[in-house]
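Residue numbers run from 1 in the order of the sequence given. The basis for the numbers below is simple: all heavy atoms, side chains too, and nothing from hydrogens, waters or symmetry mates. Counting convention: from 1, in listed order, for ligands and their atoms alike.
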Amino acid sequence: MIIQKKGPLKGSMSVPGDKSISHRAIMLGALSEGITEVENFLMGDDCLSTISCFKHLGIPIDFVSNNNSVTIHGKGLDGLRTPSVQLDVGNSGTTMRLLSGILCGQKFSSTITGDSSIRMRPMGRILTPLEQMGADIKSVNNNLKAPLIINSSDKASLLGIDSNDFLRGIHYQSPVASAQVKSCVLLAGLYADKETKVTEPAISRNHTELMLSAFGASVNVVGNTASLLPRPKLTGQRLSIPGDISSAAYFISAALIVPNSELLIKNVGINPTRDGIIRVCRMMGADISLENIRKDGGEPVADILVRHSNLKGIEISGSIIPTLIDEIPIIAVISCFAKGKTTIKNAEELKVKESNRIELIVNNLSTMGADIRATDDGMVIEGGRPLHGAVIDSKMDHRIAMAFTIAGLAADGDTQILNPECVNISYPDFFKSL
Ligand code: S3P
């Protein structure tokens, strides 16, 4: 894919449904009684992996990809059946970690694996709490990575608890602010003998907590601690998924850095655990307004109006990081167009995403002529140096491919994105929309 400098972006658009919420809709729909109907589901490869896993677990799921609607025929908390194959999550960390929590609560054994990127990512972060809950879950290669094998051996009698309460409720103090870890533990907690609590160092995205409540579970959140009572009766729902702010971020950024742009991005989720990109852009001096703010399916939604702006460098660190973790590649790009220094700290999690994003952002932006250096937990960018086109290796990381496409729109000369098809993970129509 070749990208060239382009005139202003103008008009109005919408982005596909939120990836995190789409995964959770399939999972909770499957564990509910009755039918769950989902509108504006994200038909990206990651969410299709979640659908495929739940089909192998015996859940009928119908979808019409041209209108993004999905119907899940839920079978209740104990309705999943033994899969006849290894469950394959593809590239999806959310499927891997959340589904592992659910599988630990089942009375059958299973194996879960994924692509080469997933098999490099740390799973010790979920093995630790799941083992504390009494689950028999192991890394097949003994390296704290996927594939994972979950044995259903008679855990209840080993734990000395009722055979219907498969796991032990715990209060887990998570060392990382990770919604995937928190959600894994809470979903395992559906099958526990008593309340399950997770405390995290900073609040990560809360879609699991919101959706569990909407389906009828008893969830309580106080500060950085979320708790769940076990064995709720979950009931199928009608859901409409808001546009993904992580996908909108590329277009917000494009409008900010391409002169004379003015773009209205409609129906975007602005959940405060996800809206760090908007707060950061505003701190950098961006002209962004939120219009038509409303609630849809328990999630706050708005239309985002953004105009080209003169940006200034800032420091981005602390509790805002989990609210924009997936947007750091594109934030690094816009920082190159800001006046002065931008410092990103406390973002070491970037090293264990779909790629080592600190390394890929810094290497690729350096190739384009940026003044940028990596630090242990982030990066420092001196803005204002013009970028020039280059060959960008996305290493099959969708967010790197999209962020550098936007960089290419405002760089001199041609930018070539290698393996551009990886955008299918979260935004199959990205190039068409652009
Ligand atoms: C996600 C949580 C985040 C995020 C990922 C989606 C989720 O990961 O980076 O893209 O849906 O829960 P961590 O929880 O590992 O930070």
Side-chain angles (χ1 to χ4, degrees), residues 16-28 41-42 44-47 49-50 89-102 114 117-118 120-129 144-146 172 174-187 198 200-212 224 226 241-242 244-250 269 271 273-277 299 319-331 346-358 361 377-378 397-403 422-423 425-427:
D18 188 276
K19 179 155 83 73
S20 293
I21 303 177
S22 294
H23 285 298
R24 287 156 171 84
I26 299 297
M27 295 182 185
L28 295 192
F41 182 84
L42 170 63
D45 286 352
D46 269 10
C47 299
S49 293
T50 295
V89 306
N91 192 245
S92 174
T94 305
T95 315
M96 182 81 212
R97 297 197 176 109
L98 273 60
L99 182 52
S100 295
I102 295 172
S117 149
I118 274 289
M120 300 279 288
R121 297 180 68 184
M123 294 301 148
R125 55 182 57 197
I126 58 165
L127 296 177
T128 302
L144 303 179
K145 294 182 176 149
Y172 187 58
S174 177
V176 275
S178 159
Q180 292 182 357
V181 172
K182 171 176 63 179
S183 304
C184 166
V185 177
L186 291 176
L187 292 171
V198 184
E200 42 183 358
I203 298 179
S204 64
R205 65 194 66 191
N206 64 358
H207 307 300
T208 303
E209 298 88 304
L210 292 180
M211 205 185 281
L212 274 168
N224 295 5
I241 299 186
D244 195 327
I245 191 167
S246 297
S247 298
Y250 303 104
N271 179 316
T273 64
R274 295 285 300 283
D275 71 350
I277 175 76
E299 292 275 351
S319 60
I320 199 168
I321 294 291
T323 73
L324 49 69
I325 190 72
D326 291 342
E327 287 65 76
I328 293 181
I330 190 64
I331 290 173
N346 311 124
E348 51 278 271
E349 276 294 299
L350 291 178
K351 294 179 187 166
V352 292
K353 292 293 176 190
E354 287 84 328
S355 67
N356 178 339
R357 288 187 178 155
I358 296 189
I361 293 169
D377 65 348
D397 182 333
H398 56 133
R399 304 219 181 270
I400 296 293
M402 291 188 278
C422 62
V423 304
I425 293 289
S426 63
Y427 198 161

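Side-chain contact of His398 with Ser426: a donor-acceptor pair under 3.5 Å is present, judged by distance alone. Side chains of Ser246 and Lys19: a donor-acceptor N/O pair is absent below 3.5 angstrom, by distance only. In summary, the side chains of Thr50 and Thr95 do present a donor paired with an acceptor at a separation below 3.5 Å, with no hydrogens or angles considered.
Nearest heavy atom pair, residue Glu299 against residue Asn271, reads OE1-ND2, 3.0 Å. Here the closest non-hydrogen pair linking Ala146 and Ile118 is CB-CG2, 4.2 Å.
At a 3.5 angstrom cut-off on N or O pairs, Ala179 counts as close to ligand 1. In terms of polar-atom proximity, Arg399 is not counted as a contact of ligand 1, lacking any N or O under 3.5 Å from an N or O of the ligand. Considering backbone and side-chain atoms together, Arg125 places no N or O closer than 3.5 Å to any N or O of ligand 1.
For the pair Asp18 and Arg205, the salt-bridge criterion is not met [side-chain N within less than 4.0 Å of a carboxylate O].
For atom 11 (O) of ligand 1, the closest non-hydrogen atom of the protein is Ser20 OG, 2.7 Å. Nearest protein heavy-atom contact of atom 15 (O) of ligand 1 is Ser178 OG, 3.3 Å. The single protein non-hydrogen atom nearest to atom 1 (C) of ligand 1 is Gln180 NE2, 3.5 Å, given as residue, atom name and distance.
Every atom of ligand 1 with a heavy atom of Asp326 under 4.0 Å away is listed here by number and element: 4 (C), 5 (C), 9 (O), 10 (O).
Of all the heavy atoms of Lys353, the ones lying under 4.0 Å from any atom of ligand 1 belong exclusively to the side chain. The side chain of Arg205, and not its backbone, has at least one atom closer than 4.0 Å to an atom of ligand 1 (non-hydrogen atoms only; side chain from C-beta on).
Between Arg97, Arg24, His207, it is Arg24 that holds the heavy atom closest to atom 7 (C) of ligand 1.
Here the rule is side chain to side chain contact (heavy atoms under 4.5 Å, CB included) with Leu186, and of Leu98, Val181, Val198 only Val198 fits it.
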